[in-house]
Protein chains: 2
Amino acid sequence: MFAAMNNIEDLHQRPIVSVDLAIFALTPDGLEVLLARRGVEPFTGHWALPGGWIHVDEDESLEAAARRVLSDKTGVAAPYFEQVGVFGDAARDPRGWSLSVTYMALIMPDAVILQHGGNVTDAAWHPIAGEATAQPLAFDHAAILKTAITRLRNKVEYTTLPVHLLPEAFTLSELQAVYERLLGRLLDKSAFRKRIAEVDFIVPIVGEMRRASNRPAQLYRLKQARSTVFFDRTI
Amino acid sequence: MFAAMNNIEDLHQRPIVSVDLAIFALTPDGLEVLLARRGVEPFTGHWALPGGWIHVDEDESLEAAARRVLSDKTGVAAPYFEQVGVFGDAARDPRGWSLSVTYMALIMPDAVILQHGGNVTDAAWHPIAGEATAQPLAFDHAAILKTAITRLRNKVEYTTLPVHLLPEAFTLSELQAVYERLLGRLLDKSAFRKRIAEVDFIVPIVGEMRRASNRPAQLYRLKQARSTVFFDRTI
DNA sequence: ATCCTTAGTGTAAAGTTTCAACTAACTTAG
DNA sequence: CTAAGTTAGTTGAAACTTTACACTAAGGAT
């Protein structure tokens, strides 16, 4: 048996590997996740995290596969992107031992043109209540989504991740509102601004003001390219 | 081509999946990582992170496979254990597109009986200088190890992870020394003790003292089972 | 012109962290 | 047996951060 294990040519020892995405956006209704309704077995008709296979024959890397899935489903190319983890056992897919490499992405819902095709009959934003969606999900996607939500909520506490849920230019009041909605509690204005002032990659766009509210407000932007990871703590 | 992608029976679309481990321990020489010398192609004679294949035919889960590899190489069963990430592309293994699911483990080196067999001709602890070992590593293991070391160093700042590098019972002075060695800087005794006092799963073992130094010291232990994950921040 | 709302700042009180000294228990050297 | 040295554990004042909340200013609406 051990000999068979070590034979790389034994294809039946290779698991099914999918790349799945927890794509988050903030809508007027709160934090939502993009789900796809399955058009094929197993779990036909169930909602699931959008996913796909790796194009091994095209030498596509893991992250490239994840970005392709995101682009295929949303038309969005380079938002915030992070690997959440790997989930693998014999029970999660009735077709056999399988492995899901899960990424999470934060995007602006306005920029998105939802696409469905292939094995998917519908795609829609679903609100998150607590740590789950209202509908049951296919496979172990409820558990995977829970992991992604926990990671997102944790990172809100100690990173500037919420900027990725806003457009390129934003005011500090808008940013604070995003933090408050994600954290579910109000923040002190003065303390919030002091903290953002310490972060050197959130910079004012000199001269540019927003007139939307009843008073003009300074616009801010990220210093680096939007897709860059820039946390104080790497994880 | 897209049809072939979606056909789960197309085994050649399945990547090679290995489980690799960054096993850390603290020795008198500092932080060390357990490496295995490869006895087979590719990279024969090179040092590599210990790893193995998943026993798909035995319905073994991903984490079970990682724990089996740890147990096979060290004889240690339940130390601190955490998934670091997945690394997958066409270039990392000359045999073709492959995927490495990497875990890190923290253990006590005294408890270990190093084993080598199968495809491995030697196993040894290697000191870590900066973010790497002195020897070049097989595959992309140098990059994987760097990711694991960064994760470990980060977590030392905001978790009690270093307790896993000590025996069941330890004094606060010993724990502080571990933190200082991992962080590479001295810590204030009073501040360190205040912080540990806030952590409710590090508890004094009442009545038990250590007489090793020139003065008896209170022994402490973890409240939960050693293998439990118990961070303030999940990641 | 007056009132209302929201952007942005100032400040005093409360809380934390740091630094360094201190006490106490034991070992070792003479 | 005593004095000196080492380490465990505590204390408290000074420095620094965070919090709460009030204040000023720039519009829009009436």
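Proteins come first, then strands; the chains are lettered A, B, ... in the order of their sequence lines, and each starts at number 1.
With 3.5 Å as the limit, one finds a donor-acceptor pair spanning the side chains of B/Q135 and B/H126. For A/T102 and A/S100, the side-chain atoms include at least one donor-acceptor pair closer than 3.5 Å. A/S18 and A/D20 form a side-chain donor-acceptor contact under 3.5 Å, judged by distance and modelled atom types alone. A/R92 and A/S98 share a donor-acceptor pair across their side chains, judged by distance under 3.5 Å alone.
Regarding A/Q176, its CD atom lies at a distance of 13 Å from the P atom of C/dT6, rounded to whole Å. Remark: C1' of D/dT19 and CG of A/L186 are 14 Å apart, rounded to the nearest angstrom. Distance OH (A/Y220) to P (C/dA7): 12 Å, rounded to an integer number of Å. The nearest whole Å value for the distance from the CD atom in B/Q218 to the P atom in D/dG9 is 7 Å. C/dG8 atom P lies 6 Å from atom CE of A/M209, rounded to whole Å. Per the geometry, CG belonging to A/L175 stands 12 Å off P belonging to C/dG8, to the nearest Å. Atom-to-atom, CZ of A/R193 to P of D/dA20 comes out at 17 Å; the value is rounded to the nearest Å. Summarising the geometry, the separation between CZ on A/F170 and P on C/dA7 is reported as 14 Å, rounded to the nearest angstrom.
Checking the phosphate oxygens (OP1, OP2) of D/dT7, no side-chain nitrogen or oxygen of B/S173 falls inside 4.0 Å.
Aromatic ring orientation, A/H164 versus A/Y80: tilted (interplanar angle from 30° to 60°).
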| Base versus backbone protein contacts along nucleotides 25-30 of chain D [heavy-atom cut-off under 4.0 Å; B, S, -] | BBBS--

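Not one N or O on the side chain of A/T133 forms a donor-acceptor pair closer than 3.5 Å with the backbone of A/A129. Between the side chain of B/E82 and the main chain of B/Y103, no donor-acceptor pair closer than 3.5 Å is present. At distances below 3.5 Å, not a single donor-acceptor pair connects side-chain atoms of A/Q83 with backbone N or O atoms of B/G85.
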Every protein N/O within reach of nucleotides 15-22 of chain C N/O, cut-off under 3.5 Å:
residue: C/dC19; atom: N4; partner: B/S190; partner atom: OG; Å: 3.2

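The side-chain hydrogen bond (donor to acceptor under 3.5 Å, both in side chains) check on A/D89 picks up nothing, with sequence neighbours excluded.
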